[in-house]
Engineer: 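Here's a structure for you.
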Amino acid sequence: MKKLFFLFVILFSGLVFAQNADQKKILEDSQSFMSMFQKRDYDGMLDLTHPGIFEKVDRQTMTRTFKMLLEGNDEFKIEILDPNKNTFNVSDIFTTKENTKYAFTTYPMKMKMTFLKEKFDESKKKTVISMMAVQGMDAKFLDDSSLEMSKQAMIIALNDKVTGNTWKYLNYDEANPLYVSVVPVEVMKKAKEYYADLLIKQKENAN
């Protein structure tokens, strides 16, 4: 009986150690991803992105999209605010029936948008803030042309055959067809449940 007990302890310890090692890797990668996002290191971001995405959209197109979104134009510019690395949290490691390992990293994301040719009065500010709320973002105007936006964001970490059994990442976004085309249904269901629970807890803590 003692031998069985000690065998169980050894096996359990090994599983916990593996979880901790994976969680540490995911945490470091997620923090690096956001740092690259802020610095506009597109190649670094794409190196960490799940390769299944590139079966749908090539890297050059992805890079152009990032540049268009982050570098703005003569109408506006966007700045990703420096995230506090201590606010990143990694879930347990889960495994699907098809042996895909996955986990979730959550963190508060903040960005600043500056409109270069437009100023907003109080009525327009309320309209914009309402529009942001529909997108799940809290927003506030810093002045008549600068808007700060924030939301609880989530990254999905996937470890499967496509990634060569290494950890690669996708932003959680159910409205994005690329996300839907790459993420297994079982993972999507778990992600939706996990994110909803996160928002509920966040709201409870705020009250």
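On a predicted model such as this, the values are computed, not experimentally measured, just so you know.
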Engineer: Which heavy-atom pair separates Ser150 from Lys110 by the least distance, and what is that distance?
Structural biologist: CB-CG, 3.6 Å

Engineer: Same cluster or not: are Leu199 and Met137 linked, directly or through other Ile, Leu, Val, Met, Phe, Trp or Tyr residues, by side-chain heavy atoms under 4.5 angstrom apart?
Structural biologist: yes

Engineer: Centre-to-centre under 6.0 Å for Phe104 and Tyr172, is that the case here?
Structural biologist: no

Engineer: Looking only at non-hydrogen atoms, find the nearest pair between Met154 and Ala191 and report the distance.
Structural biologist: CE-O, 3.5 Å

Engineer: Any donor-acceptor pair under 3.5 Å linking the side chain of Ser146 with the backbone of Asp143?
Structural biologist: no

Engineer: Checking the side chain of Tyr195 only, and the main-chain atoms of Gln152 only, is there a donor and an acceptor separated by less than 3.5 Å?
Structural biologist: yes

Engineer: Show every side chain to side chain donor-acceptor pair (under 3.5 Å) that has at least one partner inside residues 49-62, sequence neighbours left out.
Structural biologist: Asp47-Arg59, His50-Asp160, Asp58-Thr61, Thr61-Arg64

Engineer: Could you verify whether a donor N or O on one side chain and an acceptor N or O on the other, from Asp22 and Trp167, lie under 3.5 Å apart?
Structural biologist: yes

Engineer: Is Met45 reachable from Leu81 through a run of I, L, V, M, F, W or Y residues, each pair having side-chain heavy atoms under 4.5 Å apart?
Structural biologist: no

Engineer: Check whether any side-chain N or O of Ser130 sits under 3.5 Å from a backbone N or O of Lys126 as a donor-acceptor pair, and report yes or no.
Structural biologist: yes

Engineer: Looking only at non-hydrogen atoms, find the nearest pair between Met109 and Ala153 and report the distance.
Structural biologist: CB-CB, 4.0 Å

Engineer: Is it the case that the side chain of Thr96 and the backbone of Thr100 share a donor-acceptor pair, with hydrogens and angles ignored and the cut-off at 3.5 Å?
Structural biologist: yes

Engineer: Should Val134 and Met113 be regarded as members of a common hydrophobic cluster, given that ILVMFWY residues are connected when their side-chain heavy atoms come within less than 4.5 Å of each other, either directly or indirectly?
Structural biologist: no

Engineer: Just wondering, more than 12 heavy atoms not from Lys151 lying within 6.0 Å of its NZ?
Structural biologist: yes

Engineer: Checking the side chain of Ser181 only, and the main-chain atoms of Leu178 only, is there a donor and an acceptor separated by less than 3.5 Å?
Structural biologist: yes

Engineer: Heavy-atom count around Lys112 NZ within 6.0 Å, excluding the residue itself: above 12?
Structural biologist: no

Engineer: Going through the checks in order, is the salt bridge (charged side-chain N to carboxylate O under 4.0 Å, His left out) test met by Lys125 and Glu122?
Structural biologist: CA-CA 5 Å; Lys125 287 179 182 178; Glu122 292 305 314; 3.5 Å; yes

Engineer: Which residue pairs satisfy the ring-ring contact (aromatic ring centres under 6.0 Å, His included) criterion with at least one member in residues 108-130, sequence neighbours excluded?
Structural biologist: Phe115-Phe120, Phe120-Phe141

Engineer: Cluster question for you: counting only ILVMFWY and a side-chain heavy-atom cut-off of under 4.5 Å, with indirect links fine, are Phe94 and Leu158 together?
Structural biologist: yes

Engineer: Whether the Tyr107 and Asn89 side chains hold a donor-acceptor pair (N or O, under 3.5 Å, no angle test) is what I'd like checked.
Structural biologist: no

Engineer: Would a hydrophobic clustering, with Ile, Leu, Val, Met, Phe, Trp and Tyr connected at side-chain separations under 4.5 Å, put Ile78 with Met131?
Structural biologist: no

